[in-house]
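So you know, we letter chains A, B, ... as the sequences are listed, proteins then strands, and number each from 1. Side chains are part of it too, since the values below use all heavy atoms of this structure and drop only hydrogens, waters and symmetry mates. Note that this is a predicted model, so its numbers are computed, not measured.
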Number of protein chains: 2
Amino acid sequence: MVVYAGQGDPRRSIELLWRASVAEKRSGPKPGLSVDAIVDAAIAVADEHGMAFSMRAVGERLGRTAMALYTYVPGKNELVDLMYDRAMAELPTSYELDDGWRAAVTRWANDMWEFYGRHPWVLQVSQARPVLGPHEFAVIEALAAILVATGLPGRELRGIVGAVNYFVRGAAQTVAEARAAGGATGEADEEWWYARSAVLLEIEPDLEKKFPMLHLLENDREPIDPELPYLENDAVENFRGGLKVLLDGVEGAVAKP
Amino acid sequence: MVVYAGQGDPRRSIELLWRASVAEKRSGPKPGLSVDAIVDAAIAVADEHGMAFSMRAVGERLGRTAMALYTYVPGKNELVDLMYDRAMAELPTSYELDDGWRAAVTRWANDMWEFYGRHPWVLQVSQARPVLGPHEFAVIEALAAILVATGLPGRELRGIVGAVNYFVRGAAQTVAEARAAGGATGEADEEWWYARSAVLLEIEPDLEKKFPMLHLLENDREPIDPELPYLENDAVENFRGGLKVLLDGVEGAVAKP
DNA sequence: TTGCGACTCCTTACAACGTAAAGTAACCTT
DNA sequence: AAGGTTACTTTACGTTGTAAGGAGTCGCAA
């Protein structure tokens, strides 16, 4: 199931995200941790073990119990919000437009693609959560800034920003999750897919006749780059192809009106 | 976190999905349940209470304990697979091409959009799971069949199928989850968004200066249809706009090569 | 008719989870 | 030195998926 981010107390979440913590008069023992340290630890755990990280695991990595985290962070949902936004800080906040908006959007998309590869757990945080944190804003702002250069009105651009965003995310997810599925059992991509296809074909031998169009799509393949694993080939090719079509559409909108 | 479908024993999953259960010589008490009944009950629970349904809840709805389900279904993951595929049986498996592929794809997308609205929990099942079940296949086959009519080669169509699919899903998710978030606390969309924007603006008053491009996009609005809730307006507009651009791109590819 | 084995379904139990509650000890302020 | 505030721990509760074992039911062979 999806982690619903942005579900906690909105004020507290947003204060944490925007670091609006008022430095108050302090008393009592010195804090041994910090929100930053916790978020970093949580990201490290998630990078290693997937989104199914536990408060106990994060605490342990910091030499504390799970409950110690609750001094700094209201709950797991809010921690996920913070992780999400923090991770996005890795991404560029602006793109050169020298070689045109199309090249810039492509760079944005590639950066996102690689980012999702580095932090696959991000893909498991609800895709449609409201944009809450500063870095999240910055990432979308970067895309918006590029697209504004097309001269299209905001009304049209909103749909385009969404489309590009959804597409990149969806495409990245296809790789990330297949990779995770294979990785969990230690199988390589090929074996994982092979095991499933084999069973499927055994049980439903005339699969190709039942779904002729899919069969048609599947069999028109580029020569495979032996450097990359099976799945990567497919995914990268589809990513490039889909993005190309999408940007062709944007170009059409720019040229026409 | 995402429910990883397709994680269980592949043979057993696929046998269940394709109903390849061999009718064996039976002995022992008559089964009081069936896989179908369980899947139906699980879908009903998920429709009502979201993807965070429990085996106990499904059992209870059928007047059994949670463990009774394990006689029919190997585990929760496999049950989710079955629910997913069963739900997709609602969707059309082919589309008229009389008015052209573009209109047909639009119908496909609209059907998916409405489908996701009916069963928002489907969006919480991993978007990128391998296509496993017959109805899932049929849905993609339907889209593929339409797009094949463009005359584009399979190589190009694969990226397009992916793009359309990701886009529709992503767009639907934006509505579904905001709806769920509001619904959970009983807030209407407007209030929910308003609460967040208000806090954000209070904490970060010059938000609009920090993210001028987003501000620009946000403020170029169509007149709002007072019939629909706030969020619906936005989402539907972006959905239509994004799809239009995407299909323009496909049209470009058809015209050019 | 009488078992026997297969089968459904239940009870019990366990480990893992998020987190509430309450306690202990460290530290600043007065 | 006292008192209040804070960091962190321990313990505990309610939920979750599901393993293990047992009770009862039925078909079939002897």
Side-chain angles (χ1 to χ4, degrees), chain A residues 1-5 7-9 12-13 21-38 41-42 45-46 49-83 124-125 184, chain B residues 1-5 7-9 12-13 21-38 41-42 45-46 49-83 124-125 184:
Chain A
M1 68 212 85
V2 169
V3 174
Y4 275 104
Q7 289 273 47
D9 175 25
R12 186 70 196 280
S13 276
S21 59
V22 208
E24 294 146 35
K25 39 130 192 214
R26 299 233 353 129
S27 86
K30 297 222 168 103
L33 296 179
S34 65
V35 175
D36 279 347
I38 290 173
V45 174
H49 306 309
M51 175 87 293
F53 76 98
S54 70
M55 296 300 268
R56 283 171 175 87
V58 176
E60 202 170 352
R61 173 173 281 254
L62 293 163
R64 303 291 139 92
T65 63
M67 289 311 291
L69 310 181
Y70 286 84
T71 310
Y72 300 87
V73 155
K76 197 189 183 184
N77 283 335
E78 288 81 359
L79 177 54
V80 169
D81 279 350
L82 290 167
M83 291 164 66
Q124 268 143 270
V125 179
Chain B
M1 72 212 81
V2 169
V3 174
Y4 276 104
Q7 289 274 45
D9 176 25
R12 187 69 197 279
S13 276
S21 60
V22 208
E24 295 146 35
K25 40 135 193 211
R26 296 228 0 112
S27 88
K30 297 226 169 96
L33 296 179
S34 65
V35 175
D36 279 348
I38 291 173
V45 173
H49 302 93
M51 176 86 295
F53 76 98
S54 71
M55 296 299 268
R56 283 169 175 84
V58 177
E60 202 170 353
R61 173 172 281 252
L62 293 163
R64 304 289 141 92
T65 64
M67 289 312 290
L69 309 181
Y70 286 84
T71 310
Y72 301 88
V73 156
K76 196 188 183 185
N77 282 335
E78 288 81 359
L79 177 54
V80 169
D81 279 350
L82 290 167
M83 291 166 66
Q124 268 143 270
V125 180

field: Under-3.5 Å donor-acceptor pair between A/Arg56 side chain and C/dT19 base
entry: yes
message: Less than 4.5 Å apart, side chain to side chain, heavy atoms only: is that true for A/Met83 and A/Phe53?
response: yes
message: If I take atom OH in residue B/Tyr70 and atom C1' in nucleotide C/dC9, what distance separates them, rounded to the nearest angstrom?
response: 14 Å
field: Whole-Å gap separating C1' (C/dC17) and CE (A/Met67)
entry: 13 Å
- request: Looking at every strand, decide which applies to B/Ala68 at a 4.0 Å heavy-atom threshold: base, sugar-phosphate, or nothing.
  value: sugar-phosphate
query: CG of A/Leu62 versus P of D/dT9: gap in Å, rounded?
result: 10 Å
- line: Here the distance between atom C1' of D/dT10 and atom CZ of A/Arg64, to the nearest Å, is 16 Å
field: Rounded distance in Å - CE (B/Met55) to P (D/dT16)
entry: 12 Å
message: Please classify the nucleic acid contact of B/Ser54 as base, sugar-phosphate, or nothing, using heavy-atom distances under 4.0 Å.
response: sugar-phosphate
- prompt: Quick check: does any side chain N or O of A/Tyr72 sit under 3.5 Å from a backbone N or O of A/Leu33, one acting as donor and the other as acceptor?
  reply: yes
- prompt: Within this structure, what is the NZ-to-C1' distance between B/Lys30 and C/dT8, rounded to whole angstrom?
  reply: 13 Å
Nearest-0.5 Å distance, CZ of residue B/Arg56 to CE of residue B/Met67: 9.0 Å
Spacing of CD1 belonging to A/Ile38 relative to CG belonging to A/Asp36, to within rounding of 0.5 Å: 9.5 Å
query: So, is A/Thr71 near the phosphate of D/dC8, with a side-chain N or O under 4.0 Å from OP1 or OP2?
result: no
query: Hey, which of these two, B/Pro29 or A/Gly28, hits DNA chain D nearer its 5' end, going by closest nucleotide?
result: A/Gly28
- prompt: Roughly how many Å is it from CD in A/Glu60 to P in C/dA16, rounded to a whole number?
  reply: 11 Å
task: Name the closest nucleotide to the A/Leu33 side chain, picking from C/dC27, D/dC8, C/dC9.
output: D/dC8
- request: From the options C/dT8, D/dG17, C/dT19, select the nucleotide whose nearest atom is closest to the side chain of B/Lys76.
  value: D/dG17
- request: Report yes if the side chains of A/Leu69 and A/Arg64 come closer than 4.5 Å at any heavy-atom pair, otherwise no.
  value: no
task: Please tell me which of B/Phe53 and A/Thr65 maps to the more 5' nucleotide of DNA chain D, matching each residue to the nucleotide holding its nearest heavy atom.
output: A/Thr65
side-chain N/O A/Tyr72 vs D/dC8 OP1/OP2, d < 4.0 Å: yes
field: Atom pair distance, as rounded to whole Å: CD in B/Glu78 and P in D/dT18
entry: 8 Å
